[in-house]
Every structure is written in C-alpha cells, then in structure tokens.
Novice: 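Got a structure for you, written out below as structure tokens; questions coming shortly.
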Amino acid sequence: MAPHRQRKTMPTWLRFVAHALVALLVVSLVQAFFVKLYRVPSASMEPTLHGSPRGGDWILADRLSMRLGNAPAVGDVVVVVRPAGWDGERSDDGAPSGGGAPASGGAPASGGAPAGDGAPASGGAPASAPPSSGGLPEWIGNAARVFGDVTGIGPTSQSYLVKRIVAQGGQTIACCDAAGRLERDGLGVDEPYVALDLPFVPGRLDCTTTPRSSRCFRAFKVPEGELVLLGDHRSASADSSLACRVPSAPDPCMRTVPASAVVGRVALRIWPIWRIGVLA
C-alpha cells in the first residue's frame with residue numbers, strides 16, 4: 001500500500017499576506033467602481049458636512065451611478081479633483097487646511113476663511129505638493145500615498161474638494177436678487193442649507209450700494225461641460241465665486257470646474273456614528 005503523502009500547508013505568514021492582498025484588491029475595486037471614502041478636512045461645507053484637519057466627517061462618494069450615466073445635478077454635493085490654482089481655506093484652528101473643503105482621500109474626516117494656501121483655488125498655480133511624511137524617509141511617504149490612493153485610507157497623492165453644484169453648463173448664475181438670494185437663470189434660489197452667508201442688508205449693504213455686499217457678483221453664463229461650485233458655509237469657502245468678493249473683481253470673476261473632474265456624488269456620512277446619514 002502506497003504511503004499516504006501529507007499535503008504541504010502554506011506557512012501562516014504567507015496565508016496572512018495572501019489574505020491581505022485579496023482584501024486590498026477587493027477594497028480597490030469597490031473604491032474604483034462603486035463608492036470611495038473621503039475625509040472632510042475643512043469647514044467650508046458646514047453645517048451639511050463637518051470638517052477639521054484633526055477629524056471631520058467621513059463620507060462616501062457614489063461612483064457607480066455616474067458610471068451608469070446618472071450625472072451629478074444642480075444641488076448635489078460632490079467630490080471633485082482639486083483644479084490647479086484653487087486656493088485652500090483655513091481650518092477651524094486658523095491654519096491652512098489645504099483645501100476648499102478639500103477632502104483627503106482616505107482616512108475617516110475638507111474650511112475657515114479663505115486663505116490661499118497654494119493648494120487648489122484660483123490663480124493657475126500648480127496643485128499643492130503631496131503632504132509631508134513627517135520626517136520619515138521619502139519612500140515611506142510615497143508608499144503610504146500609493147496605499148491611500150488605492151484603498152482610500154491614509155494620505156493620498158491627489159487633492160480633492162467637496163462642494164455643492166449651484167449651476168452647470170448653459171445656465172446663467174448671478175447674485176443677488178433684492179432679498180440677497182442667488183439667482184439662476186433669472187430666478188431667485190432658496191438655499192436652506194447655506195450657513196453664515198456673506199453680509200447682505202437690503203438698502204444698506206446690497207448690490208446697489210457703495211460699498212456693495214461681497215455676496216454680489218455679475219451674471220455669468222456657465223460654459224458647456226463646466227460647473228459652478230459653492231460651499232454651504234459661504235463666508236468660509238474658497239470656491240467658484242472667490243475672486244468675485246472684492247470691489248475690484250475682474251469680469252468675469254467666476255471660476256468653473258470641468259464636469260469631468262467630479263469623482264462622485266456624496267451619498268452618505270458614515271462617521272462619526274452620531275453623524276451617520278444620507279445626504280438629501
């Protein structure tokens with residue numbers, strides 16, 4: 001009778017590596033095609049999304065619906081790749097956060113008064129350099145960013161913004177009507193989600209007075225294929241209207257973002273636990 005040959009078993013460490021690689025592959029596929037995880041590091045979307053460099057809301061961006069042809073629409077909150085030259089905003093502690101509600105790809109948490117930090121805002125400067133790895137060897141920082149790009153966990157090599165779409169290609173946007181509301185195609189828009197808007201007092205500080213309200217900007221027709229994005233925390237958002245807020249604003253002063261830069265529509269807040277919820 002032939003002796004029974006014992007099957008070789010895979011070493012424990014090798015099984016662990018194999019399982020980790022399979023898990024990494026699954027996470028990568030989910031984030032590439034279905035949903036992607038982001039952290040909100042600034043306060044420019046308050047109160048809809050809480051943001052802080054030290055721990056803002058974790059959000060999920062829906063990528064699948066876009067792949068199925070359901071393009072984001074006016075009113076949607078979206079994650080976009082930060083355009084080169086878009087300034088950042090200060091975080092809630094006054095330090096530059098690196099983003100106009102720039103969302104960091106990955107960890108569970110993108111604020112404050114506008115403060116060009118050299119990362120995404122208007123001006124044509126290149127996007128900010130990848131974050132420092134805190135004194136560690138450069139290859140470790142690079143590896144961490146590659147891991148973050150793939151898994152959505154930790155630092156990433158890309159910078160993102162979280163904003164609300166207020167106008168899209170072919171629409172004309174202006175501010176303000178007599179009540180201080182945004183106008184889209186000549187009609188005033190009610191925006192119950194806006195918090196701490198720029199000052200506007202009819203008859204005293206509006207679009208006809210001197211000085212005028214910094215909320216005001218001239219009518220602008222959005223080019224096809226482009227989007228106008230504003231933060232819900234209007235007075236602390238480095239967004240499409242940033243250059244319009246000064247008396248010597250250029251004409252046109254509005255800056256847009258290509259619709260192709262949209263990564264996904266923000267569908268869920270998933271952390272902290274008391275903030276879990278669907279974005280309407």
Side-chain angles (χ1 to χ4, degrees), residues 42-49 51 74-78 80 83 85-92 94 96-97 99-102 110-117 120-125 161-223 226-257:
S42 79
S44 70
M45 282 299 294
E46 298 278 1
T48 307
L49 297 172
V74 169
D76 286 341
V77 177
V78 293
V80 301
W86 275 58
D87 295 330
E89 298 142 347
R90 284 194 294 267
S91 64
D92 55 5
S97 71
S110 258
D117 63 358
S122 103
L161 305 176
V162 182
K163 299 292 183 187
R164 189 181 296 273
I165 301 174
V166 298
Q168 57 191 4
Q171 295 181 320
T172 298
I173 190 169
C175 199
C176 307
D177 66 7
R181 296 181 302 173
L182 192 72
E183 292 182 294
R184 188 166 51 241
D185 291 334
L187 300 175
V189 180
D190 290 321
E191 299 180 287
Y193 41 77
V194 170
L196 295 176
D197 207 341
L198 295 158
F200 186 98
V201 182
R204 293 174 53 195
L205 185 65
D206 58 27
C207 300
T208 64
T209 60
T210 303
R212 69 168 194 170
S213 168
S214 55
R215 193 184 302 185
C216 303
F217 56 84
R218 302 180 187 90
F220 173 77
K221 186 170 183 177
V222 185
E226 298 288 311
L227 302 172
V228 171
L229 306 178
L230 299 181
D232 289 357
H233 190 179
R234 295 285 160 85
S235 60
S237 177
D239 49 35
S240 288
S241 67
L242 180 65
C244 303
R245 299 175 187 169
V246 296
S248 57
D251 188 16
C253 58
M254 193 65 61
R255 57 186 180 175
T256 59
V257 173

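Just so we're clear, the structure is a prediction, and the values are computed from it rather than from any experiment.
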Novice: Output yes when a side-chain donor or acceptor of Asp206 lies under 3.5 Å from a complementary backbone atom of Thr208, and no otherwise.
Specialist: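 Confirmed, Asp206 side chain pairs with Thr208 backbone.
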Novice: Treating Gln171 as the side-chain partner and Val222 as the backbone partner, does any N or O pair qualify as donor plus acceptor under 3.5 Å?
Specialist: no
Novice: Quick one: pull up CE in Met254 and CD1 in Ile173 and give me the separation to the nearest 0.5 Å.
Specialist: 5.5 Å
Novice: Which heavy atom in Leu230 sits nearest to a heavy atom in Ser237, and how many Å separate them?
Specialist: C-OG, 4.5 Å
Novice: On a heavy-atom basis, which atom in Glu46 and which in Ala195 lie closest, and how many Å separate them?
Specialist: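 Answer, listing the atom of Glu46 first, then Ala195: O-CB, 3.8 Å.
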Novice: Quick check: do Leu229 and Leu161 have side-chain heavy atoms less than 4.5 Å from each other?
Specialist: no
Novice: Do you know the tightest heavy-atom contact between Arg245 and Ser214?
Specialist: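 Of all heavy-atom pairs spanning Arg245 and Ser214, the closest is O-CB, 3.5 Å.
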Novice: Do any N or O atoms from the side chain of Thr172 and from the backbone of Lys221 form a donor-acceptor pair under 3.5 angstrom?
Specialist: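 The answer is no, because no donor-acceptor pair under 3.5 Å joins these two groups.
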Novice: Any chance you could measure Leu205, atom CG, to Arg212, atom CZ, to the nearest 0.5 Å?
Specialist: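 Spacing of CG (Leu205) from CZ (Arg212) equals 10.5 Å.
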Novice: How close do Val257 and Pro83 get, counting heavy atoms only, and between which atoms?
Specialist: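 Heavy atoms of Val257 and Pro83 come nearest at CG2-CG, 3.8 Å.
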Novice: Taking only residues two or more places apart in sequence, or in another chain, which ones meet Asp185 in a side-chain hydrogen bond (donor to acceptor under 3.5 Å, both in side chains)?
Specialist: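 Checked Asp185 against side-chain hydrogen bond (donor to acceptor under 3.5 Å, both in side chains); zero matches.
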Novice: When you measure from the side chain of Ser213 to the backbone of Pro199, do you find a donor-acceptor pair of N or O atoms at a distance under 3.5 Å?
Specialist: yes
Novice: Going by side-chain hydrogen bond (donor to acceptor under 3.5 Å, both in side chains), name the residues that satisfy it together with Thr256, two or more places apart in sequence or in a different chain.
Specialist: Glu226
Novice: Checking His233 against Ser42 for the side-chain contact (heavy atoms from CB on, under 4.5 Å) test, could you report, in this order, the C-alpha distance in whole Å, the side-chain angles of both residues, the deciding distance, and whether it holds?
Specialist: CA-CA 10 Å; His233 190 179; Ser42 79; over 6 Å; no
Novice: With side-chain contact (heavy atoms from CB on, under 4.5 Å) as the test, would you mind laying out the steps for Lys163 and Ser44 before giving the verdict?
Specialist: CA-CA 8 Å; Lys163 299 292 183 187; Ser44 70; 3.1 Å; yes
Novice: Kindly say whether Ala167 contributes a backbone atom to a donor-acceptor pair with the side chain of Arg184 at under 3.5 angstrom?
Specialist: no
Novice: Might you point out which heavy atoms bring Cys176 and Phe200 nearest each other, and give the distance in Å?
Specialist: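 Shortest heavy-atom contact: CB-CE1, 3.9 Å.
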Novice: Taking all non-hydrogen atoms of both residues into account, name the closest pair between Phe217 and Ala174 and its distance.
Specialist: CE1-CA, 3.5 Å
Novice: Would you confirm whether Arg215, through its side chain, and Gly180, through its main-chain N or O, come within 3.5 Å as a donor-acceptor pair?
Specialist: yes
Novice: Under a 4.5 Å cut-off applied to non-hydrogen side-chain atoms, are Arg164 and Thr48 in contact?
Specialist: yes
Novice: Salt bridge check, Asp197 against Arg181: does any charged N sit closer than 4.0 Å to a carboxylate O?
Specialist: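 Judged by the 4.0 Å cut-off on N to carboxylate O distance, Arg181 and Asp197 do not form a salt bridge.
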Novice: Which residues pass the disulfide bond (SG atoms under 2.5 Å apart) test with Cys207, not counting sequence neighbours?
Specialist: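 Only Cys216 meet the disulfide bond (SG atoms under 2.5 Å apart) criterion with Cys207.
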Novice: Rounded to the nearest 0.5 Å, what separates atom OG in Ser241 from atom CG in Leu182?
Specialist: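 Here the rounded value is 9.0 Å.
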